[in-house]
Structures are given as structure tokens and as C-alpha cells.
Amino acid sequence: MQAPSPNAATLAVRPRFRLGALSAVFYVLMLTFVLGNAVLVYSLMARYETALDQSSLLDGMRTTSQQLAVRAMRLSDGGVFQTGQLSKEIDAMDRSLQAFDQGGVVDDRELAAITQPEVRKFLPKIHRDWVVLRGRLQAVMLDSYSRNEAPADARDLPHTVQRQWIADDAATLLGSLNAALNALMPQLRQSKDQAMAWLFGIVLADLLLLLGAFLFVHYRVLHPLQRVHRAARELLRGDMVTQVADGGGVGELNDIAQAFNARTTRMQTLLSQMRSDREGLERSEIIFQGLAANAIVGIFLLARDRFSFVSPKMAEIFGYRPDEMTGHLSLLSVIAPRERYLVDEALKVGQKRKDGTVRFERRGRRKDGSLLDIEVFITLVGEGEQMSTIGLVQDITESKQAESSAQLAAIAYENSSEAIVLTDATGVIIDVNPAYSRVTGYWPDEVVGELLPLLKPGRHNRDFYDEMWHAINTKGRWEGEYWLQRKSGEDYAQRAVLDTAWNHDGSVNCRVAMLSDITQKKQVEAAIWNQAHHDPLTDLPNRQYFNERLKNAVEEANQRQRSLALLFLDLDLFKEVNDSLGHAMGDRLLVEVAQRLQHCTDPSVHFVARLGGDEFVILIMGGATRAALDALCQRILDGITEPYQLAGNLIKVSASLGVARYPEDADSAETLMRHVDMAMYEAKAAGRDGYRYFDESIRERSDMQHDLLVSLPQALEAGQFFLLYQPIYDFSSKKIIKAEVLLRWRHPDYGVIAPMDFIPFAEERQLIRPLGDWVFHEAILQLAHWRQALAPGLRLTVNVSPGQFGLAQSGLETVLGQLEVLNLPADSLSLEFNEQLLVSLSPMVRERLQQLHELGMRFSVGAASVGMPALLATRHLLFETLKLERSITEEVLTSEQARLVCEAIVGLVHRLGMRVVAEGITSQAQYELLRAMGCDAGQGYWLGEPLDQQQFEQRLQDPAGPRL
């Protein structure tokens, strides 16, 4: 660039001094004026806002005092209010009065103390009136806790007098507050009038000052600038040698014109530099593209919520091509729907941060709908509409899975009931889990660094240890039994499994020993009294002893005005343990459960008994709090769910607990037992392995079941039942080949009810036959219409209740007659049975199935999972279809075990000559996998939800077909 001339430099310095001094004086004056205005306005507004806040505080105190009085009077009359809420409002009133007197924070607002003498003179009286009223309120709250303990006629008169006292005290306090508020209002109006007057004066002064500044700038600056403007326009048109005419302005503007003329000579140099800078930017762009194309993480740019750039790695992570994402997708579109709100909130928070950076881990969504774990680093640049986003994305699915596996392994290690020992390659102990200390009595610091006792020569001969080390060195694994001594000197037997963990190079990383105590324990014979009052299996009090204890506890609670609680425990799936391992193992399990219950309870306050079977009760004397009951229930559940060692197998069971309290939930021992039983079944219905307190909702649900049981006979006559049809698609033709008939009950009070909620009642009330006849009649009429008008080959599948099929007169012969009248083939209707019917086939049911099959009717097995032995037991019957259970098909995408089960069932069913229908299909990926396994047809919400008659007809007429 060319250096400016000496004259131009001199001219640039001299006007800067004159104009700078004038500007400085002008700005100082303006700044002083503006700051003075601001200080004055702020002072006035502060005084007004202080008075306004104080008046609002007084008004709130008036409202709060009256609300407290009303609620206290209603509480005194027996109304239901939360005393905790009253305590909070009383505390709020105390804080307001303190802030009114001394200043403070109320409702997140800083309030100044009252300084006006004419208002402060009311403060002593307000304080005295509030102290009196607060005492009345606290007395009412204390009285509400014991209201039900005193006779009714001993409570009425004192509460009436107390209610009048509260009303009088509240009126007195209201008068004092009104007087203080009336004294404060003139101050508020005065502050407001002063603020408005000063604001008007400030606005007028500002207008005059702006007018003077405008005139000065117009005549001394604007005209000279117009000449500079004309020269600048010429410069923009491309005239790089344009000049500004001299004269007509102040010295500074003339110097500006001369400086403008000098700068035009430098434009060519600047343009040359711009060309050089552009080449540098192009080189930077090439470098960025190269880094993005070879980065191991995904890189993206966002502009206006859309991808403006996506690296190949970024597109690969989400299964797209870069051009499919650029300009079309937003960042939220590749986030799992359930987490998009969280990501949006994170971006908003990032916009408010100074550095504009955001980091989060969320679930991403690929193009095919599958989910993955991603880690995102984002930098937000710019403000407002010019905001741009630069981000990095990394697929962390494998690392998350590895982290989860490591956490699970650590949890299993710390909480395992079996002793686990880690050693180095030579057998020196590195670490032991807590179970090792419980089994052996040795603490970790006593054994770490020592040789594993299993490997030390002891009572076993040399051959035993030689064979052990040979197996460890050659196979990396040894298992067997051996004898040791605990720290106490007691002999005990252990079964050990020693495995080796290898490094990638084949060297030994560590060895893991799993140790199980297999020592048998002797049982102590019970005394004669114990035989009469204790369970012979668990040695716990039996039902007779418990009933006596409960009756006495209730009587004692009534006499001493105390409360008690009762827990009812029922083991989950205990029948399956008996059926699979035998009753002997079931008895051993019950003994272990009884011991754990005793370990979890305190004999001084807890009475544990076994009622029979797998039912246990715990009577709690002394009125335990809700928190103590919660802790006890959780302690019991945690103890029950610990694994059990039965016949060399680890068995894990859970329990369902019901909780009821006396006298809150019952007025007698019998009612208490009934209510705690209802609470236990509520816990079992909620998914087992939990506990539930008895409440009115449980009673209401019991009443609802009773209402359904009573109203079921009239529901059929009243036309409250209706049918839905869920389409079943053939995977080969991609057409609807069947529809499953689904029964629903539209109850006038409880809405639409599913069959599982009323079919048991229908079987119990002997109504399953007429209900089943109605379903078959309506379904066959509808099928005849559809086959004639829309789909000649359409078939229907009807679920048959085991209760109806096992009746002597099942009514299925009538069904065949109706099919014949309507010219429908017998195989147009398929009867679907569940596995329960096939497990216990009676000769009558077997013969009936055979007769119906010979007449042309077809059958299918519904919801098959692990019940294949039931199907194999009836393989001589020609079943047409088997359905895969929803719980299995829903896990085929995430569980390798579920996929193996599905493949095994499909292969076996096909070899038996039947077709496989998969139910519960909810995604395209699930459909593709099931189809690849060999499933013939399927149903589910992804293919089509249950439809009424009109909707199903529209689906049959739809030429587009399903989303296959």
C-alpha cells in the first residue's frame, strides 16, 4: 500500500483534536443529563414500587389471615384439610409480618421495612392481633390430630366456642390491617403523581435538546456529507479515481474529503489483498473437506435447523447418503422421538451460554427406524436468525453396551450370594466379594495377597491337587468339591468352579473362582406346644396362633389407643417351583423364605407367621410410621429375591406384599385381614415383586369387579357387546387372508372392557355358552357378507374359551349348522385355542376336536411360546396354524435368545405341516426379520389395528394394500 502524504497526515490529526474536544463536551453533557434523568426516574419509581409492594403485602396478609381463619373453622368442624398446608400458610404470614416491620424477602421479592410513622404506629397492634389468632390456629391443628379419639358429645361445644373465637380474632386482625393499608394508600398515590410529573418534564427537555442537535447537524454536517455521498456512489459504480469537491463544510469534513480522495488511490491495493485472501479461504475449504471426508466421527453444519453440510461418516452413522440429509433433514429428525424434546431444550440452553457449546448423549434414529446411542458435541455461532451450528457425532452404541455390561458384572459381583474370588495366574488372591467374607468369615484384607485356600495342600491327597492344576493349566477350568475351615474353625464343604480369563496374546489375565456353601444343616425338633401353634415346616407361628395374636393385638390397640399394621406376603410363581422341582424343593424354599423373614424383622415388635402354602403375615405392634413400613417392605422384598440354592440349582423367586393398618383401614381383625389380602392381590396384579397399601381405590376396584359380575347377564340382552376385526396378512401375497374376531364390552359406566376382564366371570356364571353363541352368530353373518361382496376367500379366526369348549353342550354343532345355511365351507372359520386347553386334554375334548376336524373345521394354537410340548402331545390332530406369542416377537430385534426361540418354533411347526402366524408386529424391521425366519403370516398394529365393520370393509377395498 502507498503511504499517505505528510499533508494528509497533518490534516487527519488537527480536525480530530477540534472535533474530538467538541464531541467530548457534547457527550459529557448528554451523559450527565441522561444519567441524572435515569437516577431521578429510578428513585421515583423505586419509591412507588416500594409503596406498591408494601400495599400488596398488606393486602396479601389480609387475604391469608381470612383464609386461615376459614380453613381453621372448617377443620374444627371436622372438615378434611392437610394440616401441613395450614402450617406453611402460618409460616408465610409470620414472614410477611417480619418483612413489613424489618424488611426481607417474601415470595422471591425484596421488601423494604415500613418507614412512614403514620403506618408504623399500627405495627404493634397488628403483631398482637396476629399472635392471638396464630395461637387459635395452632390449637385447632393440634386438636385435629386427636379429633376421632374423643367422644362426639365431648367435642361439639368446645369446637363451637373455638370457632367463634377464631372468627372474632380474624376480624380484629383484619381491622388492624385495613387501618394500616388506608394509611399507606396516600403515600402510594403521592409517589405515583410525583413520578408522572417528573417524567413529563424529562420528556419535554429531551425533545428540546434533540431539536437543537438536529439543526446543528443539518447545517454544519449534512450538506458536506452529501458531497461525500455523491462521490461514494461514483466509487460504488466502479469509478476508482473519483474525487470529492473541497469547500462548504467545517474543517473536519474537508479533511474527510481529502482523506477520501487519498483512500481511492489505495483501493487497487486492497482489491489485490482481497484476491489473495479469497485464495486462502479456498485452501481452507479444501482442508476442511479433506478432514470431514476422513474423520472417524460425523461432522455436520446446521443452518436454519437444516443440515447444510453432512460428512460421509455422519451419513454412514444414520444410514443415509449425504445428499439425502443435506437440505432435507433437521438434527431432531435423527433423534429418537421420545428424546427430541430433551435435545431441543439442550440447544436452547446452549444458545444462552457464553461459549455456545452443547454436549449430550441421546438415542439416535437411523433411516431404517433402528435406534443407536450417540454422543453429540455442538458449537453455536452467531445470534438470532444468523445462528449457525457446527457439530460432531460419534456412535457410542458399543461403548454404552460395554459400559452397561461392566456395570451389571460389578453389581452381580458385589451382590452375588455366592462367594467370588479373583486371583492372578499363580492363584494369589487379588480381590474377593462380600459373599466370600460371609461364607468364610475372613475379611478381604486378611486374604488378599495370600494363595487361594483351594490351591493349598490340605486334607486332600496330592493326586487331587495334581489333577486340579492339570485341568487349570490345560483347559483353564476346574470344578469340584472340597473341605475347608472357616475362620471360626468350623468345617464346611464348598463346591468350586475355577475359570481362567485370557488376554489377546493367549496369556492368563486372571482366574475367577465361584464358591458355593453346600453344607447341610440339621433341623431342630419342635416341642409339643410348637407343634400345636407353629408350622412344622418353617417353625413359624401357624394360622391358629396368628389369629389369636391378631385378636389380642386389636383389643390391646383399642384399650391403649394405639395403632398397628399388618403385612400379607405371597410368593410369586411358587407353584412353578413345586411343579418343576417337586414339593420337597418347594418346602425347602418355604423354609428359607421363613428364615429370611425372621432375619428382616425384629422379634420385639414384629410377629411373623405362616398361614399355609406360600402365604406369610407380619404383625407390627406399636404403630409404625409410613416411612418405617416402606423400609420394612423393601427390606423384606430384597431379602426374598436373593437367589436360593435348591438341589444344586440357583432359584430366584419374588413376593407380593399387601399392607393394611388398624384402625385407619379397618375396624376389626376380620376386616383388617380381608383388606390386607385385597392389597396383596393388588400388588400381584401390578406386576409382582412389590407392595401396595390398602386404600379406597382397591375397594372401588373390588366393587367394580362385583358390578361387572352382576351386570354381565343383562349386558348381552342390552346389546352392549360388539366385535372388532384385526386383519392377518399373508407374507407371500401381501394380502389379507384372515381376520381375528375380537370381543369387546361397552359398559355404560366403565367404558370399553377387554375380554380378560369379564370372560372369567362369564365362565363362573355359566354365561360363556350364550356369549360364545352370540360371537359365532355375528361373526358368521359378517363373514358371509364379506365373502359374497368383497373377498371370496376371506376367513375368520375366533378365540374359543376353554370353559365353553369343555362344556357338555358347547354349541359348536350349531355353528356348523349356521355355516351350512349360509353356504359357507366349514374351513372358512378357524377356532383358536390357547395352550391351557392343550396341556390337559380330556377324552371328551379330544373326541370333540377330532369330530369337528373330520367335518372340515380348522384349528390354530394361539400365543405359543414355550408350550410346544402341549402341541406335540396333540400332534395326531391336524392343527392348521400356530401363533407366535407377542412377548417373543417383540424381543426378536433386541434378544438373541428370543430369535433362537422363534427360529426353533418356526422350524418345528413347519415340519409338523402347519403355518406360523406372528402377532404383535409393530415395526418394519420386526416384520422383515420374522419373514426371513420363515413366518407365513402376521398381524399387529404396524400392519393394521383392530377395526370395526365399516373400517375393515374399507381396508378390504383399499387397492394399495398394507405397508409390506
Side-chain angles (χ1 to χ4, degrees), residues 701 704-729 736-791 794-805 810-812 814-815 817-819 821-822 824 828-834 860 862-863 883 886 917 919-920 939-941 943-958:
R701 281 190 291 274
M704 173 185 170
Q705 293 177 355
H706 178 268
D707 292 342
L708 293 179
L709 183 63
V710 172
S711 60
L712 183 60
Q714 294 79 26
L716 190 58
E717 298 177 0
Q720 296 176 2
F721 291 97
F722 65 99
L723 298 179
L724 296 177
Y725 305 87
Q726 185 169 33
I728 300 175
Y729 287 91
I736 297 177
I737 57 172
K738 280 186 181 181
E740 183 176 2
V741 179
L742 303 175
L743 176 63
R744 297 293 185 268
W745 180 4
R746 186 179 287 107
H747 195 279
D749 296 327
Y750 302 114
V752 177
I753 305 174
M756 66 180 65
D757 295 327
F758 62 86
I759 289 297
F761 298 151
E763 294 177 347
E764 179 182 347
R765 298 293 298 272
Q766 303 298 319
L767 296 174
I768 193 64
R769 166 68 188 277
L771 185 58
D773 291 345
W774 180 85
V775 172
F776 279 112
H777 181 265
E778 295 296 321
I780 292 173
L781 287 179
Q782 190 62 60
L783 176 62
H785 168 69
W786 284 337
R787 286 175 68 100
Q788 181 179 4
L790 298 174
L794 182 65
R795 302 174 63 199
L796 292 183
T797 297
V798 180
N799 293 280
V800 180
S801 168
Q804 179 183 2
F805 203 80
S810 65
L812 294 179
T814 306
V815 173
Q818 187 179 359
L819 291 172
V821 171
L822 296 175
L824 292 176
S828 64
L829 197 65
S830 177
L831 304 184
E832 181 173 314
F833 309 102
N834 58 26
S860 64
K883 276 191 177 180
R886 182 192 307 272
V917 176
E919 67 178 27
Q939 64 186 93
Y941 276 75
L943 295 171
E945 66 277 10
L947 308 171
D948 59 23
Q949 172 187 347
Q950 183 178 2
Q951 293 172 334
F952 189 79
E953 290 178 357
Q954 293 176 355
R955 181 63 61 89
L956 290 174
Q957 296 170 355
D958 184 11

Measure the shortest side-chain to side-chain distance between [X] and [Y] over non-hydrogen atoms and say whether it is less than 4.5 angstrom.
X: Glu778; Y: Phe721; answer: no
X: Leu956; Y: Leu794; answer: yes
X: Val800; Y: Phe776; answer: yes
X: Glu945; Y: Gln951; answer: no
X: Ser828; Y: Leu819; answer: yes
X: Gln939; Y: Arg886; answer: no
X: Glu740; Y: Asn799; answer: yes

Measure up the Phe952 and Trp786 rings against each other and bin them: parallel (under 30°), tilted (30 to 60°), perpendicular (over 60°). tilted
Hey, what do you get for [atom1] ([X]) to [atom2] ([Y]), rounding to the nearest 0.5 Å?
X: Leu829; Y: Thr797; atom1: CG; atom2: OG1; value: 8.0 Å
X: Tyr725; Y: Leu742; atom1: OH; atom2: CG; value: 10.0 Å
X: Leu824; Y: Arg795; atom1: CG; atom2: CZ; value: 12.0 Å
X: Ile736; Y: Ile728; atom1: CD1; atom2: CD1; value: 10.0 Å
X: Ile780; Y: Arg787; atom1: CD1; atom2: CZ; value: 11.5 Å

On a heavy-atom basis, the closest approach of Leu796 and Ala779 is CD1-O, 3.3 Å
Which atom pair, heavy atoms only, marks the closest approach of Arg955 to Pro727? NH1-CG, 4.2 Å
Treating Glu919 as the side-chain partner and Lys883 as the backbone partner, does any N or O pair qualify as donor plus acceptor under 3.5 Å? no
For Phe722 and Asp948: C-alpha separation, side-chain torsions, deciding distance, then whether side-chain contact (heavy atoms from CB on, under 4.5 Å) applies. CA-CA 9 Å; Phe722 65 99; Asp948 59 23; over 6 Å; no
Pair Glu953, Leu947 - check side-chain contact (heavy atoms from CB on, under 4.5 Å), show working. CA-CA 9 Å; Glu953 290 178 357; Leu947 308 171; over 6 Å; no
